[in-house]
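Working notes, structure below.
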Amino acid sequence: MMGPNDPKPSIKIENGKVTEMDQKPAKDFDLIDLYIAKYGIKLENAEKVMAMDSTKIANMLCDPNVGRDDIIALTTAMTPAKAEEVISKLNFAEMIMATQKMRPRRTPATQCHVTNIRDNPVQIAADAADAALRGFPEQETTTAVARYAPLNAISLLVGAQTGRPGVISQCSVEEAAELNLGMRGFTGYAETISVYGTDKVFTDGDDTPWSKGFLASCYASRGLKMRFTSGSGSEVMMGYTEGKSMLYLESRCIFITKASGVQGLQNGGVSCIGIPGSVPGGIRSVLGENLLCMMLDLECASANDQAFSHSDMRRTERLLGQFIAGTDYISSGYSSTPNYDNTFAGSNTDGLDYDDYYVMERDLAINGGIHPVTEDAIIKVRNKAAKALQAVFEDLGLPKITDEEVEAATYANTSKDMPDRNMVEDMKAAQDLMDRGITAVDVVKALYNHGFKDVAQAVLDLQKQKVCGDFLQTSAIFDENWNVISAVNDANDYRGPGTGYRLEEDTDEWERIKNIPFAIDPQHMQL
Amino acid sequence: MSEIDDLVAKIVQQIGDNGSASTTASQSATTTNEKELKRNDYPLYSKHPELVRSPSGKALKDITLDNVINNNIKSNDLRITPDTLRLQGEVASDAGRDAIQRNFKRAAELTSIPDARLLEMYNALRPYRSTKAELLAISSELKDKYNAPVNAGWFAEAADYYESRKKLKGDN
């Protein structure tokens, strides 16, 4: 943050148009500058806000007596360099205070990854059901082999709705392919719509702000939730930083997101975390970029995804800012499988960390977005999801899922525990399924035809929500009855002690968190 | 701190003013609905299900398993309509998120474009894919064939900037 080559904050407005932004005259604007200047800043108050002392605005950010709305009136009238300057005034603890207030949704949550290195569909379904039961309201998969995408998306959809109706799922693949899966109803949302802070990297990412803004509208036109993705370090990794600091470039990404009218952003290093994670103050800056996202009133999926260290202490260090403050999605995502099977290159926390994570929630009385479940319940739901997917495959004429596979998926730790599948046949079938024009409606019918009426209903309910569009609003998730919970009807109202989300007032969740299955009652100890 | 307090008060006041101004403006443009929705009208699913229809005019309550099994509800019924996007845009605007409303206005125009054509349009807008004439042709198509003036403007604007910032076909 505050790199020596970063521009000083400035704005000049003539006849309602920006003629200078962050020391650059309009004639030198690249596409990103043009886009932000036209769509990304509320100009009415911009000159006044730009003249304010950044330290004072930073102070307001972490002062509980200043309301969230009052801050957003200021932050949405700033330039990217000004926002960076404000963030740079805050230390780590102040960022946590500010994040607690600026998170758009009152109730915190978290997101998971569900993948395996052999793209085994039965295992994806079982793992998705498992993760859904633990409380992840959003689930993300991707592929080891790209051609598997439709199968992975369907497996995740069926598994997640078996585990808990109301979970929404996505399949992270190439932009146009991802939209196609959504149009067919196989996914409920999308997240890996990447934006970058320099023109050259944006172009290398094969988009422009205008194509990304258009893509955002394409998603909304099909009733699909979406957020953009960015993160410190991406411009470094892709080789064109223009000599600017990571936070300044990230600030530009956040303003591009705002300008596009997208409801949210996944940011915080994300898959480039190794770069900010390796420089002094880097992890502080990463929390700063999450905060910057939230202070522009955007949903924030705050990364804590790709692993950057094998040190257990540093993994916890990476997590703790977002964990303590609470964000819309503390991780995006938490690997629901052991990292062995994580095809996003491994996550900061994985399935083997569940027990420690639960204890952290319990010890600190913090809702980290998930809760313990009993082994019996997990086995039952994994088995049901595997059987439901078996039925769907049979009905859609996809390669057979054997009873042996169902049994293995019910108890599998990783894909090492799964029987081999004929992957060539699976890939052919995936392509064929797309060619035949199969949609979520066919999945609903398949489930219904084989007696999985409740899962069929849940898959249909998701499609129904796309007709209704409530989950296109900021920070939207669903509870198990498809009640939407977003920044519109669950707006963060934190104003200091006694206000905002309080775990002890969310009594059901607090009971679940307290009730860790491996706690031993001293009354029942035997010598 | 007093100058900040004053500024905040002023900004909040101004935002209030702007809010009511835009309400009046779009109210006159609205024909199907007398009153714009407010954030308290959300969620539509539970508070205003009567306002939500499928593209073929089916009500939310008609989207049932039985109707899917009997083929009374098909895949293209399970889509959002321009009207619903407009209502969600009103909710977003009332919650202070004008940019989201603008996105939903663009989206509303895109609902009638077939999936395959929409994907082609997106790909045409990616860098180095199209000539200026090709982008302007899509702009005309959006305006004339799909009655999508906002998106037509979007493509025309991109065509201009891609020319001056060297993102047209052959510029790489």
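The model shown is predicted, which means the values in this text are computed figures rather than measured ones. Any value given below was found using the heavy atoms of this structure, including those in side chains, with hydrogens, waters and symmetry copies removed.
- Proximity to chain A involves both the backbone and the side chain of B:Leu60, based on heavy atoms less than 4.5 angstrom apart.
- In terms of non-hydrogen atom pairs under 4.5 Å with chain B, the most contact-rich of A:Gln457, A:Gln263, A:Arg222, A:Lys453 is A:Arg222.
- Residue contact with chain A, scored on non-hydrogen atoms closer than 4.5 Å, is absent for B:Asn76.
- Of the listed residues (A:Ile71, A:Asp30, A:Asp199), the one with the most heavy-atom contacts under 4.5 Å to chain B is A:Asp199.
- Residues of residues 119-128 of chain B lying within less than 4.5 angstrom of chain A, judged on heavy atoms, are B:Leu119, B:Met121, B:Tyr122, B:Asn123, B:Leu125, B:Arg126, B:Pro127, B:Tyr128 in numerical order.
- Looking at B:Arg129, the atoms closer than 4.5 Å to chain A (heavy atoms on both sides) all sit in the side chain, from C-beta outward.
- When ring centroids are compared, B:Trp154 and A:Phe214 stay outside the 6.0 Å threshold.
- Ion pairing between a basic and an acidic side chain is recognised when a charged N comes within 4.0 Å of a carboxylate O; A:Arg68 and A:Asp493 show no such pairing.
- In terms of non-hydrogen atom pairs under 4.5 Å with chain A, the most contact-rich of B:Lys74, B:Glu109, B:Arg79, B:Arg53 is B:Arg79.
- Contact tally against chain A (heavy-atom pairs below 4.5 Å) for B:Asn40, B:Val68, B:Ile113, B:Thr64: the top residue is B:Val68.
- Contact count versus chain B (heavy atoms, under 4.5 Å) is highest, among A:Asp442, A:Val488, A:Asp470, for A:Asp470.
- Ring centroid separation for the pair A:Tyr240 and A:Tyr196 does not come in under the 6.0 Å cut-off.
- When A:Val484, A:Leu224, A:Leu34 are compared by the number of non-hydrogen pairs under 4.5 Å with chain B, A:Leu34 comes out ahead.
- For B:Asn151, the part lying under 4.5 angstrom from a heavy atom of chain A is the side chain only.
- Here A:Leu460 is the residue among A:Leu460, A:Thr439, A:Val441 with the most heavy-atom pairs under 4.5 Å with chain B.
- Here A:Trp482 and A:Phe471 keep their ring centres 6.0 angstrom or further from each other.
- Using a 4.5 Å cut-off between heavy atoms, B:Arg97 touches chain A through its side chain atoms alone.
- Only the side chain of A:Leu179 comes within contact range of chain B, with at least one heavy atom under 4.5 Å from a heavy atom of that chain.
- Of the two parts of B:Phe104, only the side chain, counted from C-beta on, holds a non-hydrogen atom closer than 4.5 Å to a non-hydrogen atom of chain A.
- Between A:Asp33 and A:Lys24 there is a salt bridge, since at least one side-chain N of the basic residue sits less than 4.0 Å from a carboxylate O of the acidic one.
- Looking at B:Ala108, there are no atoms closer than 4.5 Å to chain A (heavy atoms on both sides), in backbone or side chain.
- B:Thr84 touches chain A through its side chain: at least one heavy atom from C-beta onward sits under 4.5 Å away, while N, CA, C and O do not.
- Only the side chain of B:Asp98 has a heavy atom closer than 4.5 Å to any heavy atom of chain A.
- Classification of A:Asp395 and A:Lys445 as a salt-bridged pair fails, no side-chain N sitting under 4.0 Å from a carboxylate O.
- Only the side chain of B:Arg102 comes within less than 4.5 Å of a heavy atom of chain A; its backbone N, CA, C and O stay farther away.
- Note: A:Tyr39 and A:Tyr35 meet the aromatic proximity criterion, with ring centroids under 6.0 Å apart.
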